[in-house]
Every structure is written in structure tokens, then in C-alpha cells.
Amino acid sequence: MEKIIDGGDWKCVLTEDDKLYHWGYGPTEIWSATPAITNPIPLGDTKWKCIAARDTALVGINDTGDMYGVGSMKYGIFGIDSTQVQLTPMKLNNSKWKSVVISNLTIFAIDENDLLYGWGRNTNSIFGTSMTPGATQYTPLKINNLTWKQVYAGRDGVVHGLRDE
């Protein structure tokens with residue numbers, strides 16, 4: 001195993017050969033008739049370079065930099081205003097990405113130019129005070145003009161990052 005992701009109720013592992021396996025509790029539609037799976041199952045044949053998960057959504061970046069999502073589409077987390085559940089990996093936008101995290105109902109990602117973007121629900125004014133708290137951002141919103149190496153999301157919803165100086 002190369003990397004284990006603790007997405008709350010949804011767990012994932014990215015193996016050394018870039019395959020993604022997942023298990024636990026997620027949207028019940030994904031697990032067919034069972035509310036949870038206890039043995040890891042693969043998510044397609046795609047080679048993944050970065051994954052992120054939270055209780056109801058899983059997001060991954062493949063080896064070409066495209067981002068895909070599976071799970072609940074609530075609060076615009078996949079860029080769509082829908083309450084449906086996406087059962088198979090859905091391409092999220094046309095940008096190329098290096099890194100992604102999910103914080104509550106928000107996605108933060110670093111693009112191929114090392115710029116930080118976010119979209120989803122503006123929980124606790126995570127996008128700043130210029131956007132109404134609780135509002136939804138459906139398209140990637142550039143956070144600032146700084147370059148970033150990595151971004152992390154704590155279980156408390158606080159986002160931290162390592163910036164290029």
C-alpha cells in the first residue's frame with residue numbers, strides 16, 4: 001500500500017501501482033444492496049495519482065491530471081446543482097490538477113500551475129468573507145495568486161497548505 005485516505009466513513013487506499021480501492025460507508029447506492037463494504041473494492045482500471053474522500057464523496061486525479069468524482073453531488077461539490085449520487089467516476093471539469101482534498105462539503109485543488117482553487121459549499125466562510133456563508137460555488141474559484149506545494153484538510157474543516165516561497 002502506498003497511501004491510505006481516511007475519509008470519515010469512506011476509506012480509500014492508493015496502491016503502489018496507482019490503483020484505487022475503497023470501502024466503508026458511502027452513499028448506499030454505490031454499495032448495491034449493502035450499506036457498507038468491509039473488503040476494499042477497486043474503482044475502475046484508471047491509474048490515480050491523488051485521491052481525497054469524505055463521508056459521501058470520493059475525488060481522484062488520474063495520471064493525466066484529470067479529476068473525477070464519485071458519490072453525493074450535494075452542495076455543488078462536483079460542480080453540479082443536484083441531490084443525486086454519481087455511481088461511476090464522473091469528470092469534474094476541464095482543468096489539469098496535481099493535488100486535491102475535500103473539507104466538509106468543499107473541494108480544494110492545486111492545478112498544473114501550482115495555483116489553489118476551491119468549489120462547493122462556503123461552509124464557515126471558507127472562501128472568505130466576500131461570499132455569503134453557506135452559498136455554493138459550482139466552478140473552480142481561484143483562492144489567491146500565490147503558488148502552492150500541497151493543501152491539507154483537517155477533520156475540523158480547517159484547510160492548511162504548504163506554499164512555495
Rounded to the nearest 0.5 Å, how far does [atom2] of [Y] lie from [atom1] of [X]?
X      : Y      : atom1 : atom2 : value
Thr46  : Asp18  : OG1   : CG    : 11.0 Å
Tyr75  : Ile107 : OH    : CD1   : 15.0 Å
Asn94  : Met67  : CG    : CE    : 12.0 Å
Ile77  : Gln137 : CD1   : CD    : 13.0 Å
Ile110 : Ile61  : CD1   : CD1   : 9.0 Å
Phe108 : Trp148 : CZ    : CH2   : 10.5 Å

Is a donor on one side and an acceptor on the other found under 3.5 Å between the side chain of [X] and the backbone of [Y]?
X      : Y      : value
Asn113 : Leu115 : no
Ser72  : Lys74  : yes
Ser82  : Met73  : no
Asn122 : Met131 : yes

Show your reasoning for whether side-chain contact (heavy atoms from CB on, under 4.5 Å) applies to Ile51 and His22. CA-CA 11 Å; Ile51 56 173; His22 61 108; over 6 Å; no

Going by the angle between their ring planes, with limits at 30° and 60°, are Trp119 and Trp97 parallel, tilted or perpendicular? tilted

Contact list for residues 56-73, test salt bridge (charged side-chain N to carboxylate O under 4.0 Å, His left out), sequence neighbours left out: Asp66-Lys91, Asp66-Lys96

Working for side-chain contact (heavy atoms from CB on, under 4.5 Å), residues Asn93 and Thr139: CA-CA 8 Å; Asn93 52 56; Thr139 58; over 6 Å; no

Return the minimal non-hydrogen interatomic distance between [X] and [Y], and the atom names on each side.
X     : Y     : result
Ser99 : Cys50 : CA-SG, 3.8 Å
Tyr68 : Asn62 : CE1-ND2, 3.5 Å
Pro40 : Tyr21 : CB-CB, 3.8 Å

Would you please test Leu20 and Leu58 for side-chain contact (heavy atoms from CB on, under 4.5 Å) and show each step? CA-CA 11 Å; Leu20 175 60; Leu58 183 151; 3.7 Å; yes

Do Lys98 and Asp114 sit within salt-bridge range, that is, some charged N less than 4.0 Å from a carboxylate O? yes

Verify same cluster id: [X], [Y] (apolar side-chain graph, 4.5 Å):
X      : Y      : answer
Val100 : Tyr138 : no
Leu105 : Ile80  : no
Leu141 : Leu116 : yes

Under the criterion side-chain contact (heavy atoms from CB on, under 4.5 Å), I'd like the reasoning laid out for Lys19 against Trp48: C-alpha separation, chi angles, the key distance, then a yes or no. CA-CA 6 Å; Lys19 296 294 181 182; Trp48 301 96; 5.9 Å; no

